[in-house]
Amino acid sequence: MKHTVSLFITLSAFWLLNSGHYSLLILFLGFVSITLVLVIANKMDVVDQESQPIHLKRNIFGYFGWLIKEIVQANITVVKHIWLSGESISPTLKKIKITQQTDMGKVIYANSITLTPGTVAIDLVDDEIIVHALLLKDVESLETGEMDRRVTMLER
Amino acid sequence: MDIIITISSGFFLLVGSFLCFSGGIGLLRFPDFYTRMHAAGVTDTLGAGMILIGLMIISTDLLVFSKLVLVLLLTLLIGPTTSHVLAKAAYHNGLMPKTLNNHEKNNAKETSSSNP
Amino acid sequence: MLFAATLAIFITMLLAIIRGIVGPTLYDRILAVNMFGTKTVLLIALLGFVMGRPEFLDIAIVYALINFISVIGVLRYSDTHQFKHSPTLEDPVEKED
Amino acid sequence: MNITLALMLQLTIVIPLLSTFAIVVTGKYPNLRESVTIASCLILIFLVVNLYQGVLAGESISVFWWELLPGLSISFDIEPLGMLFALIASFLWLVTTCYAIGYMRSHHEKNQTRFYACFAIAIGAVMGLAFSANLFTLFIFYEVLTLSTYPLVTHAGTEKAKKGGRTYLGILLTTSIVFFLLAIVITWFVAGTLDFTPGGIFTDDVDKVLTGMLLVLFIFGIGKAAIMPFHRWLPAAMVAPTPVSSLLHAVAVVKAGVFTVLKVCVFIFGLDLLAVLPTTQFLLYLAGASVLLASIIAMRQDNLKARLAYSTISQLGYVTIGALLATSSGVIGSSMHIAMHAFGKITLFFCAGAILVTLHKSKISDMRGIGLKMPITMGAFFIASLSIIGVPPTGGTWSKWYLMMGTIETEQFVLMVILMLSSLLNIAYLLPISFHAFFPKLSRFNASASSTKSLENRLPIFDIKEAPLPSLIAIVVTTLGCLTLFVYPQPLFELASAVLTGRE
Amino acid sequence: MVIVAFAIIRMKDLFAVVMLLGIYGLISASFFIVMDAVDVAFTEAAVGAGISTLLMLVVIAMTGRKEKANRHKPFSALFIVLVTGGLLIYGTLDMPHIGAVDAPIHKHVAPRYINDSMAEIGVPNIVTSVLASYRAFDTFGEVVVIFTAGIGVLTLLSVARRKESEEEISSINDSMHEQHLVIRIVAKMLIPFIFLFALYVQFHGDFGPGGGFQAGVIFAAATILYAMLFGLSTARKVINQTFIQLIAAIGVLLYGSVGIVSLMSGGNFFDYNVLASDPIAGQHLGILLIEWGVGCTVASVMIIIFFNFAGRQELHQQKERVQNQEPS
Amino acid sequence: MLMDLFNHWVVITLMMSGLYIVIAQGNLIKKIVGLAVFQTSVFIFYISMAKVEGGTAPILADGITQYSNPLPHVLILTAIVVGIATTALGLSLVVRIKEAYGSIEEDEIQQQDNQALSESNLEKEA
Amino acid sequence: MIAHLPILQVIIPLMAAPICLMLKRTQLVWLFSIIASGLAFAVSILLLQQVMASGVISYELGGWQAPWGIEYRIDKLNAFLLLIISGISTVVLFAAQTSLEKEIPKDKHIFFYVLYLLSLTGMLGIVATGDAFNVFVFLEISSLSAYALIGMGNKRQALWASYQYLIMGTIGATFILIGIGLMYQMTGTLNMHDLSQRLPEVEQSRTVLAAFAFVIVGVCLKLAMFPLHLWLPNAYTYAPSIVTAFFAATATKVAVYLLIRFTFSVFGFSFSFTHIPLQTIFMALGLVGIFVASTSAIYQNNVKQLFAYSSIAQIGYMIVGFSLSTVTGLTATLLHMFNHALMKGAIFLALAAVIYRVGNVELNNLRGLGRQMPLTMAAIVIGGLSLIGVPLTVGFVSKWYLLMALIEQGWWPIAVLILLGSMLAVIYVWRIVEVAYFKEPLNKNSTIKEAPMSFLIPIWVLVIANIYFGIDTRLSVGVAEAAAQSLFGVAL
């Protein structure tokens, strides 16, 4: 139920931000639409903690800050290597252990890896992630577990 | 104030477009699929983000601003997801990356996959 | 500035097209299409500003969504069926006639 | 206008069609079916005779059904030529039916119901044709006649019959649609009407070349008249059972053809116009050539029916010549020749059929001495031959006479010679048949396998084995007709001369 | 664009061709934006790059992706094409220049739309007012076209489903979202918003680009996404096939009955002025209703089309699996 | 001159290539792709004639006086729908053809049909 | 309601189609479609009456005046066609239920009726509308439903035929779209009447010429005119019989209508026939079409295919009449449209009955059917006679007018060629007659019975119409002539 409420709130925000027309008719239609979407979403069984990760809310902004910093750094490296000659890269494929328990956590971790240029999470099996990296050192920095630790912290 | 807005947005836009352009070059220059994907990732994240932020700065309307935010969120959500799915599909269908250190492993995998 | 950015995006799109045509593997093409799509989103956003009608961002959103769905679709329908067994898929250098 | 007579006129067309229906319904009971046929024959004759009397009494009888397009109507009108034709046709229908009953039964033909039904439709078409008041109505019945006789021609259902049927239909339909219809359209376009009008429908200032071409189109278009290049259908149609052949050659089809030619010449073009048209000469010679050539070909035929068919082609040429001569004697001769030839030829075909049914012979070379077995039949054959040749005491004399008169009047001496020559040829190809039939011995020296066979046949000399009774009666009736017409040609003559003078 | 077109000619790999077609659709959509046709761009993006590419993918999955080498000589084709092109070039010689303000098309009918539509209809998006009111009947025709296509696909592809095989099908299907953890979660997050976005587009067609058709396509796209990830049978359980046919029919009927109601109330067919006491309000109401009709039909037909294609595809897959099992 | 009609040259080239694909290619799916290219080129043609120099998208807003012509946009919206409808139907036919003939190559299908025809003729003669 | 007749004409079947989808029972759907089609027929009769009495009816959709909104413009020409289309559709529908039982799986019957009604809607819409773009929209409705209907055929060739038709049809429609675009570009309007007023101003421009060429080629593709006819024979052969009957009788007529409408009303007589050697081209193509198609028909063994080729030949006649560009010529074309609809409707319905009983229409399997199914075969024969142009059938009337038109212009040789062409018809019709009546049945003790009443009634309605309108030509000729005259009145 709380997920539904949360979805309702986010949907309403979405509508209000997008609409730009706040006449009575449009608002009413918006309400009807949101209700309809809620009905469909419930029927489709997509309203749960996976789609509405309200339990993560507390720490997520801090994590985002950190992630953005990482992304910027990684971007600079990759761009550098793009403009350097092709010999400078050292593509690597590696399995990395992860410590997250929930699916949500795993997904956040995997997506974070992918978001950071230079590394891509290829597969996610149980508690291992196969990572492909443009540079060997990227994998090594992943293996140090900084990101892993931060994501695991999110879960709590 | 106007000057600041113009300059800052110009800065973001320029950096963003440079990043995108670099990504495009990388897409052409990198040797195999997986490495190219990294190049594409550049454009998806920081490139797109920079440009959108640049636009946000010059937007005068709340509506436009909020929509730009939405676009940004979507890009950040969808970009890595597609990359990941793509990589996974490629990997599972046997497309092996060219890597420095796993030539032997690569060969072993190929032989094993050729006679299941 | 906007023009410069538009031009850069435009060139990037061209590069993506070249990758899409050259291939060589299926996944390179999908990647190119995907990248092309994301760049289109940016392009539209920029164009809206260039032409002084920024409220067309809706279209950009639609593009982003459609792009996502297309890629999923590609994978869904390349992943399952005969492609798995097709030897040509693993062939990294596909022949263009 | 006399209402009753108008009704009768319509009945002449409706009765055969009704009888068709009745025949189909009663198809399962042969006796009933045939009585229906006979009954409708009798009714028809009754009607036609009544109409004839009406015409004699000077009644003007016409019926208007409806207008299809402006100036294009279906309507009927009685004039002497049509009356003449209708009289012959209705009378000979009865006779042919009698004959057919005997023939079909003894020959155990299949699909007899279809046979009688189509036969009745054909007669209905002939009636409509005879009484039609304009070219369009005539054309319709002309086509109906073609289509309704097609099943008769292919009656046997064998490959050969179908091939013959195809030739038959192909030539008749092609000529009628490509030339005849075109000619009708042009006529309508030029003259604005299609009504048969004494003296023709074209005005004086009409383009002579155009109408000349039109005449050619008409003569070629009326394929049923079997002018030489389009005569192939007639021999092809000989695959049909004999009653059909008699119908085709004597009663319905060919007579319809020459009747149409006459009608067109007299009532569409008018004799005056006809005489000055540039193409008339050409057509006359074509018809002449047709007469001669057909006769020569006839001599070379061994199949009796084929020989008779070619003879018909040549005789039809006579009628065409008569019509094209554009003189009153020519027209009278033509009209009478329609009747005379009808009686003569039908007798000949009846005889041929009788021979086929009783002795199963169709080759002339096999027929030596059969006169001894079938004296009545062969006697009739002889008399009919005389009529065709035009020797007294038969009806054929008169028509030939008038035709000759016509050629002399117009000083067409070449044609006269052709007619004479053709008569000689007639003698040459018809008389020997009956001659050999009765006097087989005289030709024994041309001995061959066939003559020995005929010798065997000759042994029981008085073993008379005549045709079935109904057929025999029919033969006798028509033969008598040939003779009577010599003695009493008056009604025919009156009608024929009334053709030109119009209704009294 | 031209490059892409030529590439399509040369390519033998159908998969690549379809990818290129997607790119082609995106380019042309961008082009439309440059040319000020935002509504068209919206639609072309959703249709040309989205739905039609998807459909082709499904079909290729069934038919195989390799094209045979071309054996016949294309000279005659080349000839026809050249003649057509020549004719067009000939035709362009006398055309007004692009963007010329004084071209006849900008002088005759269009000015009224631009100048008076606000007063007559009261909708800022001129395209919408032309589409839904001035030329409402064309749009009705368009809806009927799409309805026809839906029924056509149904007749050609619908298969009588057998119950016992359904379990098996679903077991394969569901593998997609089991395996792809990442996609599953992202999609779950996105789907409700896509739906809402579709509805937003539906109701804001008056003010900006969009309207019933685009909304319908986006709505359908969300459903398709769901079906692809969670399996066709799951999606079918959520959205019943018969129900959706009903919706398609109702959409057409809704559209038509707006016309009939206006006809009953004394106006001409599709004359919305008579729907309410105030003409502008009547126009608003009429446009709102017919946009709904369009949206319903388009969304449901698109879903029908996709479901049927995908259903066939699963059938094929299943058959193939049976064949593969038999020899082993 | 050349640049003024630049759009038209593009359109014509696209149209020609689309038409060429439809006519010359043997693969059924490719033909449908060709149709799509062909139709899209026509759309571009319509849209480019609607453009007005200095105009913007035909959505009324304050302070803008010059709008592009909305009518072709409407027409093309309809035409796009028609296009997707045709594509969908064409593809469903392709699917069925593949099931029935086992091939989606024009010449192979033609061959199978001819074969079937001659076989049935043979039966008749027998 | 009387004022709304033009729109009701199209709306009735259109609205009926989705309703059909809601009714669950096949029987009910069938009845409902008949009612809808019958109502459309009634409306078309009223319309024709009204048009004949009071001239052109204009109906403004949405209440917007003509060049801005869409206009329905009913004159004598399209009232006549509306009558043909809705009439044939109603008659054919009567036989649909029985015929479908044998040819289409049960669960698709409802779809069939829906598509059928949509196809009817499309055709009526094309004919009724006065807006060039609206033509395209309705053209697509009718074509799309046609593709699906043809694809329903139970042989696999049906799919291939439908696909070919789809490709050709779409190219044709797109060509028309290009043509309309070019016209629009030069005039700024889409309304046909408005176009006809404005086109003369820009008559000399090459763009208009190109527009004309595109529209004509596009229409001719739909029309299956001779060199562009390749899609038609297979489509007609393998489609479900009811569909064949309906389309053969109506679909090409609609295309001919478009041809006439565009050349005479929109571009104007003087433009169409003086700037372009249209007459020569169409005359030649029409004639070649007649001969090539008729000859192909002779060599067909499948009777449906045979008559499909014959349809192409008959289109040739219409084209020849059209190419004369005289009142009589056009009358001939219009008449032939009406008459051909009657003949082909009857013939193909009868073939549907044969398929119902025998299973297919290979010539060999028709052996002896003349006796087993006398009424059905008689219908085919009468229809065939009508094709040949035998007097007292409708075929004669239209041929007569065609000949008149040719002779009026002094084109004698062509008149002869036309007549020779109908001889070819004799040959192919006679092949069937021979087989049906003069061959023994394939299987001596086969128990093929006469077709059920649900076939016989519609078949014989059409056959009797064939004969009736061959005799009483007031209606058909009167309307056709008036329509032709009005077209020239507008153009000159």
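Residue numbers begin at 1 in each chain, while the letters A, B, ... track the order of the sequences.
- Taking each heavy atom of Arg96(F) and Thr155(E) in turn, the nearest pair found is NH1-O, 4.4 Å.
- The two atoms that bring Phe43(F) and Glu44(E) nearest to each other are CD1-OE1, 4.2 Å, heavy atoms only.
- Ranked by heavy-atom pairs shorter than 4.5 Å toward chain E, the options Ile84(F), Ile76(F), Leu93(F) are led by Ile84(F).
- Proximity to chain F is limited to the side chain of Ile305(E), based on heavy atoms less than 4.5 angstrom apart.
- Ranked by heavy-atom pairs under 4.5 Å with chain F, the first of Tyr113(E), Phe306(E), Phe42(E) is Tyr113(E).
- Proximity to chain F (any heavy atom under 4.5 Å) is shown, for Leu82(E), by both the backbone and the side chain.
- The contact between Thr84(E) and chain F is made entirely by side chain atoms (from C-beta outward), counting heavy-atom distances below 4.5 Å.
- With a threshold of 4.5 angstrom between heavy atoms, Leu91(F) approaches chain E through its backbone and through its side chain.
- Among Val130(E), Ile33(E), Val145(E), Val127(E), the residue making the largest number of heavy-atom pairs under 4.5 Å with chain F is Val127(E).
- The shortest heavy-atom contact between Ile47(F) and Pro72(F) is CD1-O, 4.4 Å.
- Sorted by first and then second residue, the pairs that involve residues 69-82 of chain F and meet side-chain hydrogen bond (donor to acceptor under 3.5 Å, both in side chains), not counting sequence neighbours, are Glu142(E)-Thr78(F), Asn69(F)-Tyr184(G).
- Counting heavy-atom pairs closer than 4.5 Å to chain F, the top-ranked of the candidates Thr148(E), Val123(E), Val298(E), Val59(E) is Val59(E).
- Per-residue heavy-atom pair counts under 4.5 Å with chain F were compared for Val18(E), Val58(E), Leu55(E), and the maximum is reached by Leu55(E).
- Applying the side-chain hydrogen bond (donor to acceptor under 3.5 Å, both in side chains) test to residues at least two apart or on different chains, the pairs with a partner in residues 118-130 of chain E are Asp39(E)-Asn125(E), Arg112(E)-Glu120(E), Glu120(E)-Tyr134(E), Asn125(E)-Thr128(E).
- Of the two parts of Ser68(F), the backbone and the side chain both hold a non-hydrogen atom closer than 4.5 Å to a non-hydrogen atom of chain E.
- Side-chain N or O atoms of Ser17(F) include one that pairs as donor or acceptor with a backbone N or O of Leu14(F) at under 3.5 Å.
- With a threshold of 4.5 angstrom between heavy atoms, Phe207(E) approaches chain F through N, CA, C or O but not through any side-chain atom.
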Could you go step by step and tell me if Arg312(E) and Leu156(E) meet the side-chain contact (heavy atoms from CB on, under 4.5 Å) rule? CA-CA 10 Å; Arg312(E) 276 273 163 170; Leu156(E) 288 173; over 6 Å; no
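- When Gly85(E), Ala37(E), Gly150(E), Gly211(E) are compared by the number of non-hydrogen pairs under 4.5 Å with chain F, Ala37(E) comes out ahead.
- Atom NZ of residue Lys31(F) and atom CD1 of residue Ile21(F) lie 11.0 Å apart, to the nearest 0.5 angstrom.
- One finds the CD1 atom of Ile146(E) at 5.0 Å from the CZ atom of Phe213(E) (value rounded to the nearest 0.5 Å).
- If you measure heavy-atom distances from Leu75(F) to chain E, the contacts under 4.5 Å come from the side chain alone.
- Note: Gln110(F) CD to Gln115(F) CD = 13.0 Å, rounded to the nearest 0.5 Å.
- For the options Met56(E), Gln214(E), Met302(E), heavy-atom pairs under 4.5 Å to chain F are most numerous at Met56(E).
- Residue contact with chain E, scored on non-hydrogen atoms closer than 4.5 Å, involves the backbone and the side chain of Ala88(F) alike.
- For Phe45(F), the part sitting under 4.5 Å from any heavy atom of chain E is the side chain, from C-beta outward, and nothing else.
- The structure places CG of Leu35(F) at 13.5 Å from NZ of Lys30(F), a figure rounded to the nearest 0.5 Å.
- Only the backbone of Val34(E) comes within contact range of chain F, with at least one heavy atom under 4.5 Å from a heavy atom of that chain.
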